[in-house]
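Here's the structure, in structure tokens; my notes come after.
Just so it is clear, the structure is predicted and the values come from calculations on it, not from any experiment.
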Amino acid sequence: MSDALETSGTFRPEVIEDIQIKASSGLYRIRGWGTLRERRWATFDDLTFLPCSLTRIPLEGYREKCSTKTLLGTRFAKKPIELDVPVMITGMSWGALSYNAKVALARGARTAGSSNTTGDGGMLMAERENSRTLIYEVLPSRYGINVHHMRMADAIELTIGQGAKPGTGGLLLGSKVSDVIARQRDLPIGVDQRSPARHPDFLGPDDMIIKVEELREATDWQVPIFIKMGASRVFDDVKLAAKAGADVIVVDGMEGGTGASPAILQEHTGIPTLAAVCEARAALEDIGLYGEVQLIIAGGIRDGVDAAKALALGADAIYIGTAALIALNCNRPLFIEDYRALGTEPHHCHHCHTGRCPVGITTQDPELMKRLEIDEGAERIANLLRAMTLEIQMLARACGKSDIHHLEPEDMAALSMEASAVCGIPLAGTRKVFGR
Amino acid sequence: MAEISCDGRTTRDINSEIRRAIAAGDREIVVKDPGARHNLAVAILDPARIRISGSAGYFCGGLIDGPRIEIDESAGWGLAESMMSGEVLVRGSVGNGAAAAMRGGTVVIHGDAAARLGVSMKGGTILVAGNCGYMAGFMGQKGRLVVCGNTGDAFADSLYETACFVGGSIEGLGIDAVIEEPSKDDVAWLDATLSQYLPGVSRRGRDFKKVVAGRKLWNFDKREWKVWQEAL
């Protein structure tokens with residue numbers, strides 16, 4: 001290569017562009033989607049399953065029974081959640097998502113025997129009507145908080161943070177704060193809504209113990225209380241959440257998605273989902289509550305393989321968000337001119353924050369929203385949940401398990417030293433766990 | 001009238017008995033010996049009158065819709081948080097985050113309120129006869145917040161559409177909070193409301209300052225860089 005075309009390793013083209021955009025705007029960059037950078041940390045791809053051969057006996061891959069029933073909230077709740085599948089739809093707000101998207105997610109989850117979750121903006125009645133199992137989020141902003149809706153829910157999720165931006169509240173730019181969304185959230189139309197990071201009525205883990213009791217009293221101790229956190233100091237945070245009385249703890253890794261966030265938070269805060277599940281399990285084991293407090297893992301889970309590995313590492317269930325939106329046609333090559341109007345292309349779009357979603361998912365524009373047909377979307381969601389569950393079963397049977405929840409770390413080998421160290425699993429080709 | 005003693009009983013028992021009494025038709029309930037217990041009278045959804053004959057702990061009257069709750073002494077954090085309608089009256093003082101995220105109804109505090117009074121309030125009315133701590137009104141979205149005495153620092157920070165009224169001094173305004181002259185309607189509303197709920201307060205409507213959002217934080221604007229840099 002001639003000197004004339006050499007590229008700086010420090011000031012790469014995307015860095016130059018970033019500096020020049022900020023020099024123009026005077027503001028940190030905001031976008032949706034989640035982390036975009038190349039993953040150079042240990043991920044689920046750094047693990048492989050060790051199916052049965054002579055040391056263990058496999059189940060017939062396509063036909064022998066392999067249970068997928070998933071029970072959550074057995075610690076204190078009178079009515080734990082029972083799902084047909086271990087893959088659930090995570091909380092995404094009506095506001096970040098369109099009405100059609102929220103209803104399609106609810107209906108699809110119901111069809112597949114799964115659950116869906118409200119979001120930062122309260123419950124949409126159509127969401128309740130189309131859900132089998134609905135999880136009601138209580139977030140720091142308390143937008144749309146309604147005790148009657150809370151009491152209609154099948155579980156309450158007290159959200160401390162999310163994986164895409166732990167330690168920072170949600171963001172909904174003015175283009176999506178339509179009259180309907182503004183009314184739902186008690187906000188002026190068109191404001192750039194920045195949700196608080198802290199809950200308004202408690203601060204630390206000791207106060208949270210009392211808060212959890214309040215939520216139980218408000219729901220007559222009937223439904224499970226989840227505590228959701230962005231993956232940060234997971235080992236300590238999980239223990240504090242368990243001490244606070246959570247039935248279920250949700251840990252959302254740094255690959256988790258968002259409708260809008262400062263880009264630097266998506267790229268440079270939190271720890272990866274693989275590391276998070278390992279720390280979370282270790283924390284529960286450390287206090288003797290592994291198996292008693294259920295664990296849900298979220299953050300960039302793409303398929304049944306990621307999900308099966310998370311289950312094997314200690315999760316009881318999996319949340320998906322971005323993958324569900326992709327099932328609804330996010331980034332599909334439809335309405336390509338509208339992607340280009342946003343300065344992007346299908347498969348590269350992360351412009352959820354603009355409210356101009358070409359496929360009608362992350363928009364409040366009635367015309368764009370029509371592009372997402374609810375029944376068709378619901379079918380795609382149900383299909384994805386079922387396909388992912390079949391993939392999990394396929395791997396579980398190959399490992400000789402008659403229940404997907406019997407998957408365990410010993411069913412896997414690490415493909416990198418980093419994954420070995422993070423997961424405590426021997427590196428393939430050795431008997432060695434690195435770092436131990 | 002039903003009398004419910006807290007002595008030797010769990011919070012679950014007490015709240016269940018409150019609900020049973022209301023379901024049985026009692027509309028006057030006295031909760032005795034509360035001992036500053038947390039989570040009393042949470043999520044009561046009927047128009048009963050519940051008197052707490054002592055001090056309550058955290059989240060008393062949280063998530064209610066309809067009742068009138070009277071606390072004879074003081075209350076802890078998160079009083080009446082996220083309430084939708086009804087009245088909560090405290091004869092003493094209250095801890096942090098009183099009336100946080102309230103959506104409707106009226107909260108009356110005869111003593112002082114600690115920090116973060118009315119944080120993220122979405123409607124309704126808060127009346128404090130005494131003083132309040134720092135960051136009162138933070139991110140207030142709708143409704144009215146009235147402090148007859150003095151406020152702490154960072155008052156009314158990052159407001160949306162909550163109207164705040166202060167009878168005494170303001171230690172410091174929060175980011176984007178501005179003082180404006182109360183309208184005639186504001187003064188008339190203050191006089192009528194104070195007469196109804198806090199007749200012992202000597203200040204009249206004309207004595208109050210009004211604090212509202214300067215609206216510089218409502219939308220990102222590089223021309224307001226200094227405001228954004230300091231925003232909480």
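Judged by distance alone, the side chain of A/E217 and the main-chain N or O of B/L40 form no donor-acceptor pair under 3.5 Å.
In terms of heavy atoms, A/A218 sits closest to B/L63 at CB-CD1, 3.8 Å.
Residue B/E161 touches chain A through its side chain alone, counting heavy-atom pairs closer than 4.5 Å. At a 4.5 Å heavy-atom cutoff, the contact between B/T11 and chain A is made by backbone and side-chain atoms alike. Looking at A/L171, only its side chain comes within 4.5 Å of chain B, counting heavy atoms on both sides. Contact of B/R12 with chain A is made through backbone and side chain together, with heavy-atom distances under 4.5 Å. If you measure heavy-atom distances from A/T219 to chain B, you find no contacts under 4.5 Å at all. For chain A, no part of B/N96 is nearby; none of its heavy atoms comes within less than 4.5 Å. With a threshold of 4.5 angstrom between heavy atoms, B/L45 approaches chain A through side-chain atoms but not through N, CA, C or O. With a 4.5 Å cut-off on non-hydrogen atoms, B/R215 does not touch chain A at all.
Comparing A/H148, A/R151, A/H199 by how many heavy-atom pairs each has under 4.5 Å with chain B, the most go to A/H148. With chain A as partner, the option from B/A101, B/S82, B/G78 having the largest number of non-hydrogen pairs under 4.5 angstrom is B/S82. Taking chain B as the reference chain and counting heavy-atom pairs below 4.5 Å, the highest number among A/L203, A/D186, A/I145 is found for A/D186. Chosen from A/P196, A/P140, A/G174, the residue pairing most often with chain B at heavy-atom distances under 4.5 Å is A/P196.
Distance check: A/E214 CD to B/C60 SG gives 10.0 Å after rounding to the nearest 0.5 Å. Summarising the geometry, atom CD belonging to B/Q141 is positioned 5.0 Å from atom OH belonging to A/Y143; distances are rounded to the nearest 0.5 Å.
Residues B/L217 and A/R194 meet the side-chain proximity criterion, which asks for heavy atoms closer than 4.5 Å. Side chains of A/L187 and B/K142 form no contact here, defined as non-hydrogen atoms less than 4.5 Å apart. Two residues are said to be in side-chain contact when any heavy atoms from C-beta on lie closer than 4.5 Å; B/F220 and A/L173 meet this criterion.
A donor-acceptor pair shorter than 3.5 Å can be found between the side chains of B/N39 and A/E213.
A 6.0 Å sphere centred on OH of B/Y134 holds no more than 12 heavy atoms belonging to other residues, nucleotides or ligands. Within 6.0 Å of NZ in A/K78 there are more than 12 heavy atoms belonging to other residues, nucleotides or ligands. More than 12 heavy atoms of other residues, nucleotides or ligands lie within 6.0 Å of NZ in B/K210, so this atom counts as buried by the packing criterion.
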Let's go through A/D192 and B/W218 carefully: what are the C-alpha distance in whole Å and the side-chain angles of both, what is the deciding distance for side-chain contact (heavy atoms from CB on, under 4.5 Å) to 0.1 Å, and is it a yes or a no? CA-CA 6 Å; A/D192 291 328; B/W218 284 21; over 6 Å; no
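A cation-pi arrangement is found for A/K211 relative to B/F59, the charged atom lying closer than 6.0 Å to the ring centre and inside a 45° cone about the ring normal.
By the 4.0 Å N-to-carboxylate-O rule, A/R142 lies close enough to B/E81 to be salt-bridged with it. Look at A/D201 and B/R116 and you find no salt bridge, because none of the NZ, NE, NH1 or NH2 atoms lies under 4.0 Å from a carboxylate O.
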